> 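This structure is in structure tokens; I'll ask about it shortly.
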Amino acid sequence: MALDNHFFSFKTEEIARNLLGQYLCRETEEGLTSGLIVETEAYLSEHDPACHASSGKTKRNATMFGPPVRAYIYFIYGNYFCFNVVTAPEGKGEAVLIRAVQPLEGLDLMLQRRGAQCSINNLSSGPGKLCQAFAIDKSLDGHDLRQKPLYLKENKTEYDRWQVEATPRIGISSAQDKLLRFIISGNKYLSR
DNA sequence: GTTAAGATCTGCT
DNA sequence: GCAGATCTTAACG
């Protein structure tokens, strides 16, 4: 059910690509919300100045250097959280940013969290937005993503039929030549 | 102690 | 399409 250790035994770029089409599930007292991952970005430990880990371990990015399959969550621009999955063995410092999901279950709850004037294709089409819709915050930093209340679930249908595209990452000011953003081509719920 | 920059979003033009 | 909001983090003095 939950994504296993084998899934995370590959290179971070490959994991980022493979995460497309998998499920992200979140359980709270208010109910269940889930979505299909449609956009990810890989952040590498070597030759990647855009990665938070590139200038060494700090208090903020310590989770990134910890064991894999954990959530690395940080606060940005005074308002928003970003949700990452740690992908490399302890000490390395690599992660995959989940940038957008296609909402599946718990639409009402997501609308409620995001504000009523929000439309369905505006619910979780961006890193800050999906954290709001899924009620993800700093308290889940370091959480093991194989367990409730926040976990990744295998999609058993044939997601290979979806066309995957690699593009430059968004919102960074360095290493823009690297094609480390992965999207399900043509999906309606991409951040752009 | 102080400062500058940031893996963003929203609203307005 | 563009600027403003907003505040934590880390680097520097």
Side-chain angles (χ1 to χ4, degrees), chain A residues 11-20 24 33 35 37-66 68-88 92-103 110-143 145 150 152 164-184 187-192:
Chain A
K11 288 194 300 184
T12 294
E13 305 94 294
E14 294 173 15
I15 297 170
R17 188 205 174 283
N18 291 339
L19 275 171
L20 295 176
L24 176 66
T33 47
I37 298 172
V38 298
E39 177 174 351
T40 61
E41 283 181 4
Y43 285 87
L44 311 179
S45 60
E46 285 158 28
H47 311 113
D48 187 6
C51 180
H52 286 170
S54 67
S55 49
K57 189 171 174 177
T58 64
K59 190 178 174 188
R60 176 221 223 178
N61 66 21
T63 311
M64 224 176 164
F65 288 89
V69 207
R70 302 296 171 89
Y72 166 47
I73 294 160
Y74 64 92
F75 198 56
I76 191 72
Y77 295 125
N79 273 331
Y80 301 100
F81 292 100
C82 287
F83 169 54
N84 298 250
V85 182
V86 179
T87 51
K92 202 162 181 204
E94 302 196 338
V96 173
L97 170 69
I98 309 299
R99 283 193 59 88
V101 303
Q102 173 177 339
M110 295 195 222
L111 283 169
Q112 184 186 318
R113 286 174 182 151
R114 294 263 306 125
Q117 76 280 20
C118 188
S119 72
I120 175 133
N121 45 355
N122 208 12
L123 263 186
S124 54
S125 55
K129 297 188 226 177
L130 83 86
C131 283
Q132 261 189 320
F134 281 74
I136 295 172
D137 64 26
K138 189 82 180 166
S139 69
L140 288 164
D141 187 44
H143 172 74
L145 292 168
L150 177 67
L152 297 162
V164 172
E165 207 175 322
T167 79
R169 291 172 295 182
I170 289 178
I172 56 173
S173 53
S174 58
Q176 287 161 334
D177 55 319
K178 293 183 190 294
L179 301 180
L180 291 174
R181 172 176 176 251
F182 301 92
I183 59 175
I184 291 180
N187 187 280
K188 281 164 53 183
Y189 302 93
L190 298 174
S191 66
R192 63 181 68 175

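Note that this is a predicted model, so its numbers are computed, not measured. Proteins get letters first, then strands, A, B, ... in listed order; numbering begins at 1 in each.
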> Taking atom CG of A/Asn187 and atom CG of A/Asn121, what is their separation to the nearest 0.5 Å?
10.5 Å
> Please give, in whole Å, the distance from B/dG6 P to A/Leu97 CG?
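Taking atom P of B/dG6 as the reference, CG of A/Leu97 is at 16 Å.
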> Within the supplied structure, the quantity of interest is the number of heavy atoms (other residues, nucleotides, ligands) at a distance under 6.0 Å from A/Lys138 NZ; does it exceed 12?
yes
> Quick test of your reading: applying side-chain hydrogen bond (donor to acceptor under 3.5 Å, both in side chains), list the pairs with at least one residue in residues 68-86 of chain A, sequence neighbours left out, ordered by first then second residue.
A/His52-A/Tyr72
> If I take atom NE2 from residue A/His47 and atom NZ from residue A/Lys178, how far apart are they, to the nearest 0.5 angstrom?
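Rounded to the nearest 0.5 Å, the NE2-NZ separation comes to 7.5 Å.
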> Would the distance check show the side chain of A/Glu39 and the main-chain N or O of A/Ser191 forming a donor-acceptor pair, the cut-off being under 3.5 Å?
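At least one qualifying donor-acceptor pair exists.
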> How long is the line joining CD of A/Gln176 and P of B/dA7, in whole Å?
11 Å
> Short question: side chain of A/Asp48, backbone of A/Tyr43 - any donor-acceptor pair under 3.5 Å?
no
> OP1 or OP2 of B/dA5 versus the side-chain N and O atoms of A/Ser173: is any pair under 4.0 Å?
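Negative; the distance criterion is not met.
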> Short question: side chain of A/Lys57, backbone of A/Gly93 - any donor-acceptor pair under 3.5 Å?
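Pair absent, no side-chain N/O of A/Lys57 close to backbone of A/Gly93.
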> What protein N or O atoms touch nucleotides 10-13 of chain B N or O atoms at under 3.5 angstrom, if any, and at what distances?
unit_1, atom_1, unit_2, atom_2, d
B/dT10, OP1, A/Arg114, NH1, 2.9
B/dT10, OP1, A/Arg114, NH2, 2.9

> Atom CG in A/Leu19, atom CD1 in A/Ile37: separation rounded to 0.5 Å?
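One gets 5.0 Å once the value is rounded to the nearest 0.5 Å.
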> For A/Arg99 and B/dT8, give me the distance from atom CZ to atom C1', rounded to whole Å.
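That distance rounds to 9 Å.
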> Sub-3.5 Å donor-acceptor pair from the side chain of A/Thr12 to the main-chain atoms of A/Leu44, do we have one?
no
> Do A/Thr87 and A/Glu94 have side-chain N/O donor and acceptor atoms under 3.5 Å apart?
no
> Would you check if the side chain of A/Ser124 reaches a backbone N or O of A/Val101 as a donor-acceptor pair within less than 3.5 Å?
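Yes: the side chain of A/Ser124 pairs with the backbone of A/Val101.
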> Taking A/Asp177 for its side chain and A/Pro168 for its backbone only, find out whether a donor-acceptor pair lies under 3.5 Å.
no
> How many angstroms lie between CZ in A/Arg192 and CD1 in A/Ile183, if you round to the nearest 0.5 Å?
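So the CZ of A/Arg192 and the CD1 of A/Ile183 are separated by 11.5 Å.
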> Tell me: CZ of A/Arg169 to P of B/dT8, nearest whole Å?
11 Å
> Looking at A/Ile170, A/Leu180, A/Val96, which one forms a side-chain contact (heavy atoms from CB on, under 4.5 Å) with A/Glu41?
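Answer to the side-chain contact (heavy atoms from CB on, under 4.5 Å) test with A/Glu41 among A/Ile170, A/Leu180, A/Val96: A/Ile170.
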> Taking only heavy atoms on the protein side, list every residue of residues 39-50 of chain A lying under 4.0 Å from any atom of DNA chain B, sorted numerically.
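Listed by number, they are A/Tyr43, A/Ala50.
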> B/dT8 C1' sits how many Å from A/Asn84 CG, rounded?
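Going from CG in A/Asn84 over to C1' in B/dT8 covers 14 Å.
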> Regarding A/Gln132 and A/Arg113, is there a side-chain donor-to-acceptor distance under 3.5 Å anywhere?
no
> Taking atom C1' of B/dA5 as reference, at what distance in whole Å does atom CG of A/Asn79 sit?
16 Å
> Closest-nucleotide mapping onto DNA chain C: is A/Lys138 or A/Tyr77 further toward the 5' terminus? I mean the 5' end.
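Nearest-nucleotide comparison on DNA chain C picks A/Tyr77.
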> Counting Watson-Crick and G-U wobble pairs whose two distances are both under 3.5 Å, find the runs of 3 or more in a row that involve DNA chain B.
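DNA chain B forms these stems: B:1-6 with C:7-12, B:8-12 with C:1-5.
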> For DNA chain C, what residues of residues 51-66 of chain A have any heavy atom nearer than 4.0 Å?
A/Thr58, A/Lys59, A/Arg60
> Is the backbone N or O of A/Cys118 less than 3.5 Å from a side-chain atom of A/Asn122, with the two atoms forming a donor-acceptor pair by type?
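Looks like no, no N/O pair under 3.5 Å.
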> Just the endpoints, please: which first and last nucleotides of DNA chain C, 5' to 3', lie under 4.0 Å from a heavy atom of chain A?
C/dT6 to C/dA10
> Find the distance A/Ile76:CD1 to B/dG6:P and express it as a whole number of Å.
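A/Ile76 atom CD1 is separated from B/dG6 atom P by 9 Å.
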> If you check the A/Ile170 side chain, which of B/dA7, B/dT8, B/dG6 turns out closest?
B/dT8
